[in-house]
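For reference, the structure is listed below as structure tokens.
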Amino acid sequence: MTQRLTSLWRNLRHATAGASDSSRVAIGVLDDRIAWIAPDGDLPAFERAPEFVQYAGAGARVTPGLVECHTHLVFGGNRADEFGRRLAGASYEEIARAGGGIVSTVRATRAASEDELFASAAGRLHCLFAEGVSAVEIKSGYGLDVQTEAKMLRVARRLGRELPVTVYTTFLGAHALPPEYRGRAEEYIDLVCTDMLPMLAEQGLVDAVDAFCENIAFSVAQCERVFETAARLGLPVKLHAEQLSNIGGTRLATRYGALSTDHLEHANEADVIAMRQAGTTAVLLPAAYYCLRETKLPPVEMFRRHGVPMAISTDCNPGTAPALSPLLTMNMACTLFGFTIDEALQAYTRNAAQALGKSELHGTLDAGRYADFALWDVDSISELVYWLGASPCSALIRHGVVVHGAVEAGATGK
Ligand code: DI6
Ligand code: FE
């Protein structure tokens, strides 16, 4: 049976890790999906749909569209002033006590209109497109009341509708204790479990549930209450765990079959084994490590030894990771965490899709996946990770359509 195609992308150099450097491939696309990927010299027979377009490709490197699997992209204001104060010697705690830190972002996010939040997040999303991102996870967690958490998640959904990117939303109501609940953490968790999460899930705003499990945030028992609620609602979970200390968040998360546990600088071998057994992906966030001037490295060698897939992401947030560059994040994973170049690329594609539970749609150039891919003007895939501050993405194709950069159409190839 001949396959019908809406577009054909010729003469691409496969840059996915593991592929031979010189192989030229062609990608056949039907509507929003990859129909096939084949050696450029040996195309399967196909039939042209009326709108069929062929792109010559001009020898560009191709990777799957990058997948950002951990961001706090929607927030009001920014904390550039706090950055200056920290450089001048103020500690994170001093700034927080003076009404700054995460609470200042909560204040700004509550005060912002939905349009303002949309506009500022869209600007950040454009930086991600410029570096090949076609799918992004966006967390709530700077509202900490029902209305503002709903507002953040509606903005995230709207970004996915109005911009050419797939958005997955995560409810992070248990991110920090809102100031009006000071000294009443259990009551705040009651609010999260009885009102916020069920209501937002009912409105279709929640794809997954996250919490910040840390001495300075919520305890294992409090996070477990949130996870019980998620389980009751049939929502998958993930967790900010073992970032600043080891209090057992990873083991809790794996008991709930978490998609991912994230940060993990302080994870130990028992945590890593539990992740392996639960099929949980390790999401490492080198930009937060860098900005916090952390010195404790995540146990990368243990993840390798136990076969736990590692993903990386910017963690884009206004406090600990004002990061908008996937390529720089890959460089940091290599330079700071000892990733190989292949591991960094896998971490931003296949493993990031797995961290979202969306491997069947994103992260590889296989038949049936979304036709989301990035073309790169580089001679070798190492260059993606090697340059600091370059932007070699010549085009981003999402659901079979060029959404960033340019590609010459109409060439007939050979
Ligand atoms: N971990 C972090 O490092 C950030 N959130 C989290 O759960 C901090 C967010 C902020 O400071 O605004
Ligand atoms: Fe985070």
Side-chain angles (χ1 to χ4, degrees), residues 68-83 85-86 90-110 112 120-121 124 136-144 148-149 152 156 168-179 192 208-219 222-223 226 237-245 247 249-250 253 258-266 281-294 296 298 311-324 329 352 355-356:
E68 271 287 337
C69 64
H70 179 138
T71 84
H72 310 248
L73 199 77
V74 173
F75 54 83
N78 68 56
R79 309 229 293 272
D81 59 334
E82 174 183 318
F83 175 59
R85 269 147 61 206
R86 270 192 289 137
S91 73
Y92 200 73
E93 289 72 29
E94 279 164 356
I95 289 166
R97 263 187 269 116
I102 197 162
V103 171
S104 69
T105 299
V106 171
R107 226 182 293 119
T109 305
R110 287 177 177 178
S120 68
R124 292 187 279 274
V136 61
E137 183 254 19
I138 301 178
K139 302 175 194 294
S140 71
Y142 288 116
L144 311 181
T148 317
E149 289 291 300
M152 290 183 74
Y168 296 106
T169 59
T170 299
F171 171 68
L172 179 57
H175 187 199
L177 195 60
V192 166
V209 176
D210 193 354
F212 188 16
C213 188
E214 192 58 66
N215 287 318
I216 59 160
F218 296 97
S219 69
Q222 288 162 342
C223 293
V226 178
V237 300
K238 55 183 82 176
L239 194 65
H240 282 72
E242 273 57 85
Q243 180 184 7
L244 308 169
S245 62
I247 64 166
T250 299
L259 290 171
S260 68
T261 48
D262 302 41
H263 287 286
L264 298 173
E265 280 84 345
H266 292 260
T281 298
V283 175
L284 306 183
L285 303 161
Y289 172 94
Y290 165 83
C291 291
L292 289 170
R293 302 190 202 190
E294 264 284 354
K296 178 101 170 80
I312 53 178
S313 191
T314 57
D315 193 19
C316 178
N317 76 68
T320 59
L324 294 168
T329 302
L356 295 175

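For ligands, and for the atoms within them, numbers begin at 1 and follow the listed sequence. These numbers were taken from a predicted model, which means no experiment stands behind them.
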For [atom], the protein heavy atom that lies nearest, with its residue and separation:
atom: atom 1 (N) of ligand 1; result: Gln243 OE1, 3.3 Å
atom: atom 5 (N) of ligand 1; result: His175 NE2, 2.8 Å
atom: atom 11 (O) of ligand 1; result: Tyr92 OH, 2.7 Å
atom: atom 12 (O) of ligand 1; result: Tyr142 OH, 2.7 Å
atom: atom 3 (O) of ligand 1; result: Thr320 OG1, 2.9 Å

Give the atom name of whichever N/O/S atom in [X] sits closest to the Fe ion (ligand 2).
X: Asp315; value: OD1
X: His240; value: NE2
X: His72; value: NE2

Spacing of Glu68 atom CD and Tyr168 atom OH [to the nearest 0.5 Å]: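 One gets 14.0 Å once the value is rounded to the nearest 0.5 Å.
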Reported CD-to-SG distance for the pair Gln243 and Cys213, which is rounded to 0.5 angstrom: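 That separation rounds to 11.5 Å.
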So, for [X] and [Y], which heavy atoms are closest and what is the spacing to 0.1 Å?
X: Thr261; Y: Ala253; result: CG2-CB, 3.5 Å
X: Phe75; Y: Ser120; result: O-OG, 3.6 Å
X: Val283; Y: Ala355; result: CG2-CB, 3.8 Å
X: Pro178; Y: Arg110; result: CB-NH2, 3.7 Å

Any Leu356 side-chain heavy atom under 4.5 Å of Lys238 side chain: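 Contact flag for Leu356/Lys238 side chains = yes.
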Side-chain heavy atoms of His175 within contact of Lys139, under 4.5 Å: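 Not in contact.
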Interfacing atoms of ligand 1 (cut-off 4.0 Å, heavy-atom, His240):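 Checking each atom against His240, I get 1 (N), 6 (C), 7 (O).
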Numbering as shown, the atoms of ligand 1 that approach Arg79 to under 4.0 Å (heavy-atom distance):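 In order of numbering, the contacting atoms are 10 (C), 11 (O), 12 (O).
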contact_flag Asn317 ligand 1 heavy-atom lt 4.0 Å: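 The answer is yes: ligand 1 sits under 4.0 Å from a heavy atom of Asn317.
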